[in-house]
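Report on the following structure.
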There are 2 protein chains.
Amino acid sequence: MVIGRITLKDVAREAGVHTSTASRALNPQTQSVVNPETVARVLEVAQRLGYRPHPLARGLRTNQTMTVGMVIPDVENPLFGPIIAGVEHRLGTDGYSLLIANTDPRDDSSLTVIDALAERRVDGMIIASASRVDEHIRRLHDQGLPVVQVNRMSNEVEVPAIVGDDHAGIGLVMEHLVELGHRRIGHVAGPGTFSTGLGRREAFLEWAGKLGVHEAPIEEAESFRMMPGYRVTRRLIERNPDLTAIVAANDLLALGAYQAVSEAGFTIGQGISVTGYNDVPFMQFVQPPMTAVRVPYRKMGVEAASVLLEMIADSETVRPGAVWLTPTLSVRESTARPRS
Amino acid sequence: MVIGRITLKDVAREAGVHTSTASRALNPQTQSVVNPETVARVLEVAQRLGYRPHPLARGLRTNQTMTVGMVIPDVENPLFGPIIAGVEHRLGTDGYSLLIANTDPRDDSSLTVIDALAERRVDGMIIASASRVDEHIRRLHDQGLPVVQVNRMSNEVEVPAIVGDDHAGIGLVMEHLVELGHRRIGHVAGPGTFSTGLGRREAFLEWAGKLGVHEAPIEEAESFRMMPGYRVTRRLIERNPDLTAIVAANDLLALGAYQAVSEAGFTIGQGISVTGYNDVPFMQFVQPPMTAVRVPYRKMGVEAASVLLEMIADSETVRPGAVWLTPTLSVRESTARPRS
DNA sequence: CGGGGCCTTGCAATCGATTGTAGTCGCCAG
DNA sequence: CTGGCGACTACAATCGATTGCAAGGCCCCG
């Protein structure tokens, strides 16, 4: 490996003290019990030799890896980039590193992936892949491992979750559409197995009632992808030909809706308005530019990491069950006044 | 932490052997020196108790972390999702985990980020952030750490690199344009400090000569982002009003070009053709759908991980200096016959 | 019947740090 | 002169595995 690595023993010998003394001198916690002059000498030697503590040796003794695991349902989804960036940034300032694991959505690899991370003895875990009922999360929590959920949440109320405020987000969209004059609005829902799918669906219904929307049919897509969005929107339009707007539960579903709406002979924006959710990169460049709810994903990552670090530092403190981050609305050309 | 964790000592006691024997029985390498019956007994006990070796203890002794570090210049760039996915997938099959570090492109944090990873004693490193002259990569290599570059490469020929074949990619675009009838083609180049910027630029010139392109002006953008692409394309069009096509060095530059071309009063595709490079997600939905070179990024990640694992397993074998992955062309509506 | 060699297993050192406990030294009071 | 206290520092155990070496048992052959 790296030749001539400097160990604590080297520092101790060079400074003329025992390794235990050198250790205490180097550790801010225990520095106070060591003679200040000795501390200075050890520090100087450590600096001069370029001493770096061996993380494995330290971790073995202290039972900490200074490592956090993160489980992503699909790294290729641009949604997760900003979350990862936020998490990584926050962790880095506290000296923690981020171990990434990707669950292939095709097979259910989440079990092995989570176990692999747990076996690495990470100090905590951030789960971006929660299902509403998620035994993996419960198991981790039962084992006493600090865990937080991000983006989506399970029913495990004991595990903190940092998520977007779907009720507020759908509210932004619905108020926008109602303000434009829409009263017959359909919802392309995401899978009810995820909190985002279910939450946006419930919010849709609630806002529809509150805002006096006459007609508010819902069709549920089997996944948050484009083709299901296409199929479901077709069905929605066939069954409810008078709809003037479609609220999709995410951007990809909305892109599917774009296609279905076009094929049905409507102009998006003019004939039927369509909205997305998440506002992933490039939604301003699709045709027409998509009106979508924007969720502060980077901030979400930062928050999740912060909460996790708190839990790691002090596992007793009572933590918030959930934090809802307030979204904003990016209004673009896929929404307009309804056709008369 | 987790209560009652099972250690090797527990397994040994339960199986009635010494820990060293248990260790050997559990390790496929050394299993052969242990009595088959003993092996079976130890295996059974380990299985029954749910024994999991402690990675830190093992790593401390064997000087391996079974961990690989990856340095990403910008996690939010959708380009890197597939690369990460590929790397993670390949590493996982060999029991390695992936430590992610993001270099904020704003400050030069690459030094500290790389050092942080190195101090964690990763068994190898994958660098996606190489500059053409990159002292960090050299330093790692000099320290004897297995390193591979991905996507971009530095001038360090000793360090393997898995990159897209830019010469072939630009060739695809140029042949496509020339076939359509274009003879006056401009290039929006990326920064010459990156191998991708320089390589595509040189390839552009070479193919222009080879294919008989009359006019082949180049302007270099300061970064691979949209606004620089916009500014540079404006300049390109002003100085060369007869251009009928623009080859951009990546998709974002091409989107900038879209805007500049529109503002100059041309229709993209009809008036001036524009091509992108990378074909990140959603390029098929921009207006007009973008013709772009598609690079097999997931495969790139898999290859990089494979090469790195080989280097880790056997640091002596001679490795390829560089592997060029063949791109394909996604032909869409941003390219068409030139205006007459 | 004794010794050499093979197969198997145990002993103990080791990786590099942290930390509880014991010991040393100087100084002051009795 | 001695006991005791305070301030430091050294010793050694420990975390959980791996591994070189030695030792034990057994068989076989001379």
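Worth knowing before you read on, the calculation uses all heavy atoms, side chains too, and leaves out hydrogens, waters and symmetry mates. First the proteins, then the strands, lettered A, B, ... as listed; each starts at 1.
One side chain, T67(A) or R120(B), offers a donor N or O that lies under 3.5 Å from an acceptor on the other.
On the nucleic acid side, DNA chain C has its first and last nucleotide under 4.0 Å of a heavy atom of chain B at dT8(C) to dG16(C), going 5' to 3'.
As judged by a 4.0 angstrom heavy-atom cut-off over every strand, S20(A) is placed among the base-contacting residues. Counting any heavy atom pair closer than 4.0 Å across all strands shown, V33(B) reaches a base atom. In this structure, T38(A) reaches the sugar-phosphate backbone alone: every heavy-atom distance under 4.0 Å involves primed, P, OP1 or OP2 atoms, never a base. The residue S23(B) sits close to a base: some heavy atom pair falls under 4.0 Å.
Among the candidates L145(B), V68(B), I137(B), the single residue satisfying the side chain to side chain contact (heavy atoms under 4.5 Å, CB included) test with M125(B) is L145(B). Of the residues listed (L56(A), L60(A), T62(A)), the one engaging R58(A) in a side chain to side chain contact (heavy atoms under 4.5 Å, CB included) is T62(A), and it is the only one.
One finds a salt bridge joining D115(B) and R139(B) here, because a Lys/Arg side-chain nitrogen approaches an Asp/Glu carboxylate oxygen to under 4.0 Å. A salt bridge links D10(A) to R13(A): at least one charged side-chain nitrogen sits closer than 4.0 Å to a carboxylate oxygen. Under a 4.0 Å N-O distance rule, the pair R90(B)/E303(B) does not qualify as a salt bridge. Between R48(B) and E14(B) a salt bridge is recorded (basic side-chain N to carboxylate O distance below 4.0 Å).
For T7(A) and N35(B), each mapped to the nucleotide of DNA chain C holding its nearest heavy atom, the one lying further toward the 5' end belongs to N35(B). Between T19(A) and L56(B), the residue anchored closer to the 5' end of DNA chain D is T19(A), taking for each the nucleotide with the nearest heavy atom. Along DNA chain C, the nucleotide closest to A57(B) and the one closest to T21(B) are compared, and the more 5′ of them pairs with T21(B). Take the nearest nucleotide of DNA chain D for R41(A) and for L60(A): the residue whose nucleotide is more 5' is R41(A).
Of all the residues in residues 9-18 of chain B, V17(B), H18(B) reach under 4.0 Å from DNA chain C with at least one non-hydrogen atom.
With rounding to the nearest 0.5 angstrom, the CD atom of Q64(B) is 8.0 Å from the CD1 atom of I312(B). With values rounded to the nearest 0.5 angstrom, K299(B) atom NZ is found 10.5 Å from I162(B) atom CD1.
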